[in-house]
2 protein chains.
Amino acid sequence: MTDDPLSLDNQLCFAIYAASHAFTKAYRPLLTELGLTYPQYLVMLVLWEKRAASVTEIGAALGLDTGTLSPLLKRLEKTGYIRRERSREDERQVMIALTTSGVILKTRAQDVLKTIGQAIGCDLQQMQALMDGLRRVRRNLEEA
Amino acid sequence: MTDDPLSLDNQLCFAIYAASHAFTKAYRPLLTELGLTYPQYLVMLVLWEKRAASVTEIGAALGLDTGTLSPLLKRLEKTGYIRRERSREDERQVMIALTTSGVILKTRAQDVLKTIGQAIGCDLQQMQALMDGLRRVRRNLEEA
DNA sequence: TAAAATTATATTGCGCACAACATAATTGTG
DNA sequence: CACAATTATGTTGTGCGCAATATAATTTTA
């Protein structure tokens with residue numbers, strides 16, 4: 001490992017970038033069986049917690065804007081996991097709600113999580129430390 | 001924080017996904033001044049280390065395939081930072097080499113790195129621990 | 001050495017990701 | 001109440017990221 005600060009090996013940003021891709025790749029075959037992509041899975045995670053949410057709320061939870069979410073949600077609707085309907089009280093809002101099929105999917109997603117958990121294979125304390133570090137880095141970057 | 005294992009807050013994959021986006025967003029305005037996107041910057045990191053490399057070598061270093069690299073490298077060529085020329089010894093290979101302009105760019109990239117380093121603002125030991133953890137997770141995922 | 005297998009790169013199609021812009025509904029202010 | 005500002009979502013254009021496929025050059029093998 002060189003001491004050049006610009007060396008790929010010395011870059012936290014690349015370690016994160018590569019790990020993120022590795023996760024996406026590991027999830028892909030499992031999620032394909034559920035008819036989901038990885039970002040679609042993240043949206044479903046939000047909905048499994050909240051049951052229903054506006055587009056903006058989902059965007060805030062995941063850090064995505066409408067340019068990403070609008071077409072993604074249409075695809076999720078076409079697949080049949082969500083419903084999109086304009087709010088009565090505020091016609092600007094589009095409320096996203098789980099369909100029965102979307103609710104049922106949660107059980108199968110838990111199996112996917114179990115499989116990935118085994119693949120990662122590091123103990124909970126290490127994982128927690130990693131997540132804390134990542135969140136701190138993220139916060140610092142977003143505040144700066 | 002809930003105890004639901006499917007909760008967004010409890011997912012290492014999302015912490016990594018979000019941190020990766022945060023990095024890209026932090027880099028974007030700085031790299032735009034250099035005429036680079038973030039993935040293009042990663043390619044330049046490889047070339048600043050190696051001076052020249054085949055498409056496959058760059059792909060191996062970054063974990064990207066030709067479907068991603070082919071058009072990306074054409075854009076880098078159009079910007080003027082690299083040259084693409086078929087290898088004489090093996091006509092299948094396209095060798096990517098830095099132009100003078102690409103070599104010179106490294107100095108400015110070091111300033112970008114300094115700015116980002118300040119934004120992250122965590123000490124080197126913590127950063128090293130983070131990188132080690134991420135690499136372990138990545139290795140486990142790729143082996144599984 | 002001719003045919004088969006492999007290797008290196010390119011292309012196409014789909015799905016993010018985001019900036020920039022557009023539109024419609026709501027809220028705030030005079 | 002009119003009208004400006006804000007809010008929520010959608011659309012367009014550009015650039016990844018990758019699977020699937022194509023093509024040409026090289027190597028292996030029969």
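Below, chain A is the first sequence line, B the second, and so on; all start at residue 1.
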Working to the nearest 0.5 angstrom, can you tell me the gap between [X] [atom1] and [Y] [atom2]?
X: Gln128(A); Y: Asp123(A); atom1: CD; atom2: CG; result: 11.0 Å
X: Leu6(A); Y: Met44(B); atom1: CG; atom2: CE; result: 10.5 Å
X: Leu31(B); Y: Ile116(B); atom1: CG; atom2: CD1; result: 7.5 Å
X: Leu73(B); Y: Leu47(B); atom1: CG; atom2: CG; result: 8.0 Å
X: Ser54(A); Y: Ile96(A); atom1: OG; atom2: CD1; result: 8.0 Å

Determine the contact category for [X]: base if any of its heavy atoms lies under 4.0 Å from a base atom, sugar-phosphate if only primed atoms, P, OP1 or OP2 are that close, otherwise nothing.
X: Gly59(A); result: nothing
X: Thr37(A); result: sugar-phosphate
X: Glu89(B); result: sugar-phosphate
X: Asp90(A); result: sugar-phosphate

Notebook entry, point to check: Which nucleotide of DNA chain D is the first, and which the last, in the 5' to 3' direction, to come under 4.0 Å of a heavy atom belonging to chain A?
Noted result: dT7(D) to dA19(D)
Margin query: So Lys106(B) and Leu98(B), do their side chains get closer than 4.5 Å, heavy atoms only?
Written below: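 With C-beta onward as the side chain, the pair stays apart.
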Notebook entry, point to check: Is there a side-chain contact between Val55(B) and Met95(B), using heavy atoms and a 4.5 Å cut-off?
Noted result: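 No, every pair of side-chain atoms sits at 4.5 Å or beyond.
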Check: Tell me, which of residues 67-88 of chain A have any heavy atom that sits under 4.0 Å from an atom in DNA chain D?
Finding: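 Residues of residues 67-88 of chain A under 4.0 Å from DNA chain D: Gly67(A), Ser70(A), Lys74(A), Arg84(A), Arg86(A).
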Checklist line | Residues touching DNA chain D, which here means a heavy atom under 4.0 Å, drawn from residues 17-29 of chain A | finding: Tyr17(A), His21(A), Lys25(A), Arg28(A)
Item checked: 5'-most by nearest nucleotide on DNA chain C - Arg92(A) or Leu64(A) -> Leu64(A)
Check: What residues form a salt bridge (Lys or Arg N to Asp or Glu O under 4.0 Å) with Arg84(A), not counting sequence neighbours?
Finding: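 Expected list: Glu77(A).
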Heavy-atom donor-acceptor pair, [X] side chain to [Y] backbone, under 3.5 Å:
X: Thr99(A); Y: Tyr81(A); value: yes
X: Asp65(A); Y: Thr68(A); value: yes
X: Glu49(A); Y: Leu8(B); value: yes

Margin query: Under 4.0 Å from a heavy atom of chain B: give me the 5'-most and 3'-most nucleotides of DNA chain C that qualify.
Written below: dT7(C) to dA19(C)
Check: Would the number of heavy atoms belonging to other residues, nucleotides or ligands and lying under 6.0 Å from CD of Glu143(A) be above 12?
Finding: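 Result for CD/Glu143(A): enclosed.
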Note to self: Show me the pairs that pass ring pair (Phe, Tyr, Trp, His ring centres under 6.0 Å) and involve residues 24-80 of chain B, at least two apart or across chains.
What the structure shows: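 The answer is Tyr17(A)-Tyr38(B), Tyr27(B)-Tyr38(B), Tyr27(B)-Tyr41(B).
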